[in-house]
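Just so it is clear, the values below take in all heavy atoms, side chains as well, and ignore hydrogens, waters and symmetry mates.
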Amino acid sequence: KDTFEGDQVLRITAKDESQLALLHDLSEMEMLHLDVWRGPTDVATPVDIRVPFHSLKSVKAYLEARDVQYTIMIEDLQAVLDEEQTQMRMASRAAE
Amino acid sequence: PRNTDAFDYSNYHTINEIYSFQDMLVAENPQLVSKIVIGQSYQGRPLNVLKFSTGGTNRPAIWIDTGIHSREWVTQASGTWFAKKIVTDYGSDPTLTAILNRMDIFLEIVTNPDGFYYTQNNNRMWRKTRQPNSGSSCVGVDPNRNWDAGFGGPGSSKNPCSETYSGRSAHSESEVKSIVDFVKSHGNMKAFVSIHAYSQMLLYPYGYTSTPTKDQKELHALASKAVKNLTSLYGTRYRYGSIINTIYQASGGTIDWTYNQGIKYSYTFELRDTGRYGFILPANQILPTAKETWLAMMTIMEHTNANTY
């Protein structure tokens, strides 16, 4: 079973077209194993990327070195999944 | 649950629970609902389509599918609610009744059943199909990049490990090919709505090219009306437009293929939310999502019924 401990979802905001191009490049870096939830389209639309724990340092360094703004949308994906599973179990017990 | 009234629409369900739900709905409404198995997934699960029909042969029809990206759980949950809504409202809601008196509705609730099973047992974030890729340890194809519309172009990947892997050839995935065959053999589909989540958008073709469709004006106006009606319920904000202009370039997508087949009213939704949860949308959001989406769906279906072509 795959888990997502320590994986984060970053919401990244490009301030201009050149930063948008940098995000395009980032999303195509296969070795980082990124999962692009919402890809780069225009500067008005944020980009959401699930970043595996092992790639967090590289991705954040890449963004910070290029002055690209981001926030952490989901701090620990596995924690949210665990919460979802707990809710499902509770709902299932209530139904029983 | 012993019947579809007792089914808990406000929670997420396993694939077997959804299969049971479909069978119950058919058993309870034999004059209106039937189940068609249009094919099998790679792992042998049935690809079930609910047909809502009041009679006639090969009537003009509306297609709705949910859950082609398996991790987008609010879509399968909304599809289940839609199915019940159709049987509840037929005969009482004049608009839906008029639609069903002239047209059929086809609804595929679990479009990617192998992926859905996998999200519930192995990897909650799984998006693709589960067919192995020869020569790679990575599994699966993005079924929304596998259609024969700009196949393999920008906005899709040739790397089997990518989330947007197009597959070795167009329609290589049985989950896609089964719909292709069904739509072609039916030959009278007038609207095709493929439902995804998240990011709150209503989109029309194209995704693989920036060339506008010849129906862009009408599709845009209808999207605007549908979004207005959706927003009227809870104030949920939606954006709308062509895929390439509104979200990003994506080649090999579902509705680009359906539009090129001559299905004018081809749309794709991105349901709630805007980013707080992504695909982990809490269960208490299911009913509001399904209810607001239904208002937009009705707008598209009503327009389709009123504008035969």
Side-chain angles (χ1 to χ4, degrees), chain A residues 1-5 7-14 20-21 23-24 27-52 70-96, chain B residues 1 6-8 10-14 17 69 71-73 118-128 138 142 154-155 157-165 196-201 207 239 241-250 270 273-284 286:
Chain A
K1 181 171 178 174
D2 289 355
T3 63
F4 299 87
E5 274 179 47
D7 287 16
Q8 293 187 342
V9 181
L10 304 184
R11 168 154 286 193
I12 308 165
T13 316
L20 208 59
L23 294 181
H24 268 292
S27 65
E28 282 165 14
M29 293 179 189
E30 303 284 358
M31 69 287 192
L32 296 172
H33 298 110
L34 303 180
D35 177 8
V36 180
W37 284 15
R38 179 157 56 185
T41 165
D42 56 66
V43 287
T45 309
V47 173
D48 297 337
I49 302 181
R50 176 176 67 79
V51 185
Y70 69 89
T71 56
I72 300 170
M73 188 169 105
I74 295 179
E75 184 81 38
D76 180 350
L77 185 58
Q78 189 59 44
V80 192
L81 293 171
D82 291 343
E83 173 66 20
E84 181 187 65
Q85 205 162 39
T86 306
Q87 283 177 6
M88 278 187 79
R89 275 201 214 99
M90 283 165 61
S92 154
R93 267 190 227 119
E96 265 177 52
Chain B
F7 190 85
D8 183 2
S10 64
N11 267 301
Y12 293 113
H13 292 276
T14 65
E17 286 168 348
H69 281 155
R71 66 190 177 190
E72 297 165 8
W73 281 11
Y118 201 68
T119 62
Q120 296 191 324
N121 294 281
N122 297 83
N123 176 343
R124 174 65 181 86
M125 284 299 117
W126 193 258
R127 156 188 171 109
K128 300 191 284 183
C138 294
D142 181 345
S157 172
K158 290 181 170 56
N159 181 345
C161 298
S162 166
E163 295 290 344
T164 53
Y165 176 49
H196 290 245
Y198 70 111
S199 65
Q200 298 176 192
M201 298 175 190
R239 288 187 292 138
S242 68
I243 296 169
I244 195 167
N245 287 332
T246 312
I247 183 162
Y248 40 64
Q249 186 167 25
E270 295 283 355
D273 73 356
T274 52
R276 184 176 170 82
Y277 297 103
F279 306 115
I280 324 292
L281 195 65
N284 64 12
I286 295 171

Review point. In terms of heavy-atom pairs under 4.5 Å, which option from B:Met125, B:Gln249, B:Arg276 contacts chain A the most?
Key: B:Met125

Revision key, fill the gap. Looking only at B:Thr246, B:Ile280, B:Asn11, B:Thr164, the option with the highest number of non-hydrogen pairs under 4.5 Å against chain A is B:Ile280

Review point. What distance separates A:Leu10 CG from A:Trp37 CH2, expressed to the nearest 0.5 Å?
Key: 11.0 Å

Point to revise | chain B contact via A:Val9 - which portion, at a heavy-atom distance below 4.5 Å | key: neither

Practice item. Measure distances from A:Arg11 to the heavy atoms of chain B and classify the residue's part below 4.5 Å as side chain, backbone, both or neither. Key: side chain

Check your understanding: Which heavy-atom pair separates B:Ile244 from A:Thr41 by the least distance, and what is that distance?
Key -> O-OG1, 4.5 Å

**Study point:** Euclidean distance, B:Arg127 CZ relative to B:Asp142 CG, rounded to 0.5 Å
**Key:** 4.0 Å

Exercise for review: Using a strict cut-off of less than 4.0 Å between a Lys/Arg side-chain nitrogen and an Asp/Glu carboxylate oxygen, indicate whether A:Arg38 and B:Glu270 qualify as a salt bridge.
Suggested key: no

Review point. Centroid-to-centroid, B:His13 to B:Phe7, below 6.0 Å?
Key: yes

Practice item. Under 4.5 Å heavy-atom distance to chain A, tell me which part of B:Phe279 shows up: side chain, backbone, both or neither. Key: both

Check your understanding: Contact part of A:Pro46 toward chain B, heavy-atom cut-off under 4.5 Å: side chain, backbone, both or neither?
Key -> neither

**Study point:** Contacting region of A:Met88 [heavy-atom separation from chain B under 4.5 Å]
**Key:** side chain

Practice item. Would you give the length of the straight line joining atom CG of A:Asp2 to atom CG of B:Asn123, rounded to the nearest 0.5 angstrom? Key: 4.5 Å

